[in-house]
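Input: a single structure, listed below in structure tokens.
Just the heavy atoms: all of them, side chains too, but no hydrogens, waters or symmetry mates, feed the values below. As the structure is a computational prediction, the values presented were derived from the model and not from experiment.
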Amino acid sequence: MMNVRVLTAVAIGLLGGYVSGYAVSRSRGEFAAVVGVSWGGWFPAEPVLTAAGAAVIAVFVVGLLGRLRARYAVAAGIGLVGVALLTAVAGLTAAGTSSEQQVLVGVGVGLVAVAAVIRPAGQVWFIVAMMIAMLYGARINDSVAMPKRYAEYLTTRTIPDLSDSWPLLAGLAVALVVGGITGTKERVDPDVTGRALAFGIGAPLGFAALVLWAEQASGNPAVFVAVLAVLGLVAVSFWLPRPEAVAVLTVLAVAAMLAVDPSLSFGPDRVGVAIQVGLMVAAALAGTVWRYPVLGIGLCAGVVLCGLLPVVLDSTTGTELAFRFLLPIAAGFGVGTCLPVAPATVLALSVVPVLASLFDSLRSSLSSGTGTSFGWTAYVPDTYSPTLDRKTPTLIAAAVILGCAALVFRHQRSARQQDPPPDAAV
């Protein structure tokens, strides 16, 4: 029975994370007519707002279930309600993204996340699957979807059409039902301490406030968003318990790597995508076995520093290979080494990769200039190309990642000094 519980927790984490990540990343209207924009007054807030709202809802529900000592079957039932909401949004006939759809997606993702992270065995796979959806979801969907008519490219819905997404939603529903049946006697016991709840609610709200401010700000708001997010997470890591602090710093390092990925939206064909996904899943599994967060952060630093190779080699091949095939290894291994922790912490950290993914959208718009393109003239080829200024953001991201590695090493050394091995205590 224990094996069944673990397997269902992993399945719920994978399916729930992928559906949640894809729904969040598509929670803004995308049109075939793309208008070039300037720095002032532009920063896509919808994905972060949706993810932040989902995290706050999930933290509140997890805290409530923990206080009530509810059975896991209740959490699975809550997840099923979330699946129903996402299915309803997927089946809507109205094109584009309305505020009502965005609210429904946020609530649905939040309820699904409750069932996915409340069991420790599902936490790694929830975050990994969310990253897979944000990094490769659009390409996966394009590779398996049926050819569309020209008119169907004019707008996109919040999440894929029901005809495309129903197998994932149905599989998630089945996993939740099985999890509820096998967990009828299992009571959830999440960490609902004041610090965990404060971080689980405060961090997502802080990220939401940042992007709302950046959406209206002039100048270069992305720089201020990045600086404040990094400083805030580093500061909070000194306040949280050691396992949570290590998780915060490790996910921050992974997010810094994603933020400077020049191939975040584009990449190889179907086989290449399958390799990338397989590498991330395998690396996450390895991380759960060999728990060396500093090594995971070091891999992130190595990938980011490969972004400087074109400066010395006059070639983009090394950078392309690193970001396409070493990045999923570093991201998966890093997440696998630092989880599980308190569910509220995991839910707050699920917003961090979403925030990082916005910087790719910003760079893509800037690299296309400030002109206006319409229809198929706005198409971006599926080829790798470095963005305008690679050196400055790469060096900053590398500095952030190395700083995270130093802090994690400090936490681990402090833990060894406070808990000496048995032989040393004799």
Side-chain angles (χ1 to χ4, degrees), residues 13 16-17 19-28 44-68 70 74-75 78-79 81-83 85-86 89 97 99-118 122-123 126-127 130 133-134 158-159 188 190-215 225 228-229 232-233 235-236 239-240 244 247-248 251-252 255 339 341-358:
V19 169
S20 299
Y22 197 83
V24 166
S25 64
R26 296 289 285 261
S27 63
R28 65 175 182 265
E46 290 88 351
V48 173
L49 293 179
T50 303
V56 171
I57 292 171
V59 169
F60 176 79
V61 175
V62 166
L64 182 62
L65 293 178
R67 296 294 184 186
L68 297 176
V74 177
I78 291 172
V81 175
V83 173
L85 289 176
L86 293 177
V89 176
T97 302
S99 58
E100 291 81 6
Q101 287 176 309
Q102 186 175 340
V103 171
L104 288 176
V105 169
V107 175
V109 169
L111 297 182
V112 168
V114 170
V117 306
I118 205 166
Q123 293 180 6
F126 180 77
I127 299 296
M130 279 197 72
M134 288 183 293
T158 305
I159 57 178
V188 297
D191 186 354
V192 289
T193 63
R195 289 188 182 185
L197 291 177
F199 177 69
I201 294 175
L205 291 179
F207 296 141
L210 276 178
V211 297
L212 283 175
W213 166 80
E215 195 176 41
V225 170
L228 292 176
L233 289 173
V236 169
W239 176 66
L240 291 171
E244 277 75 12
V248 168
V251 173
L252 175 58
L339 299 179
V341 291
T345 302
V346 179
L347 292 167
L349 292 178
S350 68
V351 188
V352 178
V354 179
L355 182 62
S357 68
L358 299 186

| said: Please check this pair: side chain of Q123 against backbone of V341, looking for a donor-acceptor N/O pair closer than 3.5 Å. | reply: yes

| Between F207 and A348, which heavy-atom pair has the shortest distance, and what is it? | CE1-O, 4.3 Å

| Nearest-0.5 Å distance, CD1 of residue I57 to CG of residue L347 | 11.5 Å

| message | Walk me through whether T50 and V109 qualify under side-chain contact (heavy atoms from CB on, under 4.5 Å). | response | CA-CA 9 Å; T50 303; V109 169; 5.5 Å; no

| Looking only at heavy atoms, which two atoms of A75 and A115 are closest? And how far apart? | O-CB, 3.5 Å

| field | Nearest heavy-atom neighbours spanning G16 and V112 | value | CA-CG1, 3.7 Å

| request: Determine whether F199 and L349 make a side-chain contact, defined as any pair of heavy atoms from C-beta on separated by less than 4.5 Å. | output: yes

| said: To check you understand the geometry: which heavy-atom pair defines the closest contact between V188 and L65, and what is its length? | reply: CG2-O, 3.9 Å

| note | What one should report as the nearest heavy-atom pair of M130 and V354 is CE-CG2, 4.3 Å

| Taking all atoms of both residues into account, what is the closest heavy-atom pair of R195 and L240, and its distance? | O-CD2, 4.2 Å

| Distance from L355 atom CG to L233 atom CG, nearest 0.5 Å? | 9.0 Å

| task | Calculate, to the nearest 0.5 Å, the distance between atoms OG1 and CD belonging to T345 and E244 respectively. | result | 4.5 Å

